[in-house]
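Below is one structure; the comments refer to it alone.
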Number of protein chains: 2
Amino acid sequence: MQKDSTQERIKQVALILFARKGFEGTSLSDIASGVGIKKPSLYAHYKSKEDLFLGVIHKVSVDYNEFVIRTVEERSDQNPEDQLYHLLHKNTNYLRNDEMGLIFKRMMLFPPESLRADIYDMFEKTENVMREVIKSILIKMVPDDEWEQVFDAYLCLLDGVFEQVFYYSPEEHQKRLENSWTVFIQGVHRKEEM
Amino acid sequence: MQKDSTQERIKQVALILFARKGFEGTSLSDIASGVGIKKPSLYAHYKSKEDLFLGVIHKVSVDYNEFVIRTVEERSDQNPEDQLYHLLHKNTNYLRNDEMGLIFKRMMLFPPESLRADIYDMFEKTENVMREVIKSILIKMVPDDEWEQVFDAYLCLLDGVFEQVFYYSPEEHQKRLENSWTVFIQGVHRKEEM
DNA sequence: GTCTATACCGAGATAGAC
DNA sequence: GTCTATCTCGGTATAGAC
C-alpha cells in the first residue's frame, strides 16, 4: 500500500474536486489534469467514474469514523461536559477545514441519484459509531433512561452547527456555536436538577 | 400574471427536477418533457439554463420568506413558547414535503459554482426575515440582553432538524425533533430562573 | 410559440501503439 | 501505465419553417 501511488494521488485530487463541485459537476478531465496525466490513463486505475467516486467515498467514511473515535479518546480523562464540548469543536473544525468533511456531508445530504443506495450503506455505520461513542460520555452525566434524549439533542446540535459552517464567517459561526452550546448544556443541567 | 402560462409551468417542473437532481443533474430535455414541449421551445421563455434556474430560485426565496411570516402570524395570539414550537414544526414539514424546501436548502448549501454569488445575494434577506420575526417572539420570554443567544440556539435547532429530515424516517425524525426541542426549551427556561 | 433539424461541444469510455 | 486517436452519447443552444 504505497501512499504515493498514482491510484492514491488520483483519489486525493478527486476528493477535492468532488467535494467542491459535486459528482456531476466534476469531470474526469478535471481530475486527470489535476493529477498531471491524461484522461484515458485514469482507466488503468478505475474502471469508471462511479467506481472512482465510490473509492473516494469509502476512504472518507473510514476517515470520519476514525476521527470521531480518536477525538473522544483524546479527552477520555476529562469530565463528560468537557468531552462533549471538545468533540463539538473538533467536529466543526474538521468539517470546515477538511475536504473530507465537505464531501462527507454533501454526499449524505445530496448523493448522486445512481449511487444513493451504495452511499447510504457505506455511511450507515457512522451513526452507530457516533451513538456508541457519545453514549459512553452521556451515561456519566444523566440518568440511564435519559441519555438517549440528550443524545438526540446533541446530534441535532452537531448537525445544526455543521450546516451553519457554510453560511457564516468563522467569527460569526464561532459566536453562534458558543450560544447554541450554552443553551444546550443549560438544558442538560436542568435535567440534573429535576 | 397568468398562473397557468407556459412560463409558469416550466418553472414548476424545473423546480421539482432541480430540487431532486440538482442543477448539473437536471437536463433541459428532462424539463421539456415534463412540461410536454420540445427542448428548443424552452428558449422562447428563458434565454439559458442559468436564466431559468435563477427564475426558479427567486420564486423559492420569496415563497420561503412569506411562509415564515405567515406561520408566525398564525399563532400570534399564543404564548411565545408555543409560537416557537409551532414554527419549528411547520418549518420541518415545509422542508420535508415541499420541493420548495428541498431546493432552498440544497442551493444554500451547495449552489452551482457559477451562480454562487447570485444565489447568496438572493437569500441574504431570508436570514433577516427570520431574525426579525423570531426576535419579536423571544423578547417576550427572555431578558432584553439575552434574546440573541436564544435566537442563535433556535436557528441552530432549525438547521439541525432540517438536516436530519434527509437521514431518518418520519417517525424517527419526529422523535428526535421532540427530544431536541425538549432540551432546547429546558435550556431557555433555566435562563429565566437564573 | 412551437416545431424539426442541426451545430457544437464536452462528457465518459475504448482501442491499440509504445 | 501512459499515451494519441477515436467513438458514442447527451448536453446546451441556434436557425428557420410553420
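This is a predicted model, so every value here is computed, not measured. Naming convention: chains lettered A, B, ... in sequence-line order (proteins, then strands); numbering from 1 in each chain.
For the segment residues 41-56 of chain A, residues with any heavy atom less than 4.0 angstrom from an atom of DNA chain D are, sorted by number, A:S41, A:A44, A:H45.
Here CG of A:D152 is found 4.5 Å from CG of B:N179. Values are rounded to the nearest 0.5 Å.
Shown here are the ring pair (Phe, Tyr, Trp, His ring centres under 6.0 Å) partners of B:H58, two or more places apart in sequence or in another chain: there are none. Every side-chain contact (heavy atoms from CB on, under 4.5 Å) that A:R106 has, sequence neighbours left out, goes to B:F110. For B:F123, the ring pair (Phe, Tyr, Trp, His ring centres under 6.0 Å) partners at least two apart in sequence or on another chain are B:F104. In terms of the side-chain contact (heavy atoms from CB on, under 4.5 Å) criterion, residue partners of B:K105 (sequence neighbours excluded) are, by chain and number, A:E163, A:Y167, B:L95, B:D159, B:F162.
Across D:dT2, C:dC3, D:dC3, the shortest atom-to-atom separation from the side chain of A:K38 is found for D:dC3. For A:L28, taking side-chain heavy atoms from C-beta onward, the closest of the listed nucleotides D:dA15, D:dT2, C:dG12 is C:dG12. Here the nucleotide nearest the side chain of A:S27, chosen from D:dC3, C:dA11, C:dT2, is C:dA11.
Identified under the salt bridge (charged side-chain N to carboxylate O under 4.0 Å, His left out) test for residues 132-141 of chain A, with sequence neighbours left out: none.
The CD-C1' distance, from A:E24 to D:dG10, rounds to 14 Å in whole Å. Whole-Å rounding puts the B:R9 CZ to C:dG1 P distance at 13 Å.
Listed pair B:S29 / D:dG10 fails the phosphate criterion, with no side-chain N or O lying under 4.0 Å from OP1 or OP2. Listed pair A:T6 / D:dG1 fails the phosphate criterion, with no side-chain N or O lying under 4.0 Å from OP1 or OP2.
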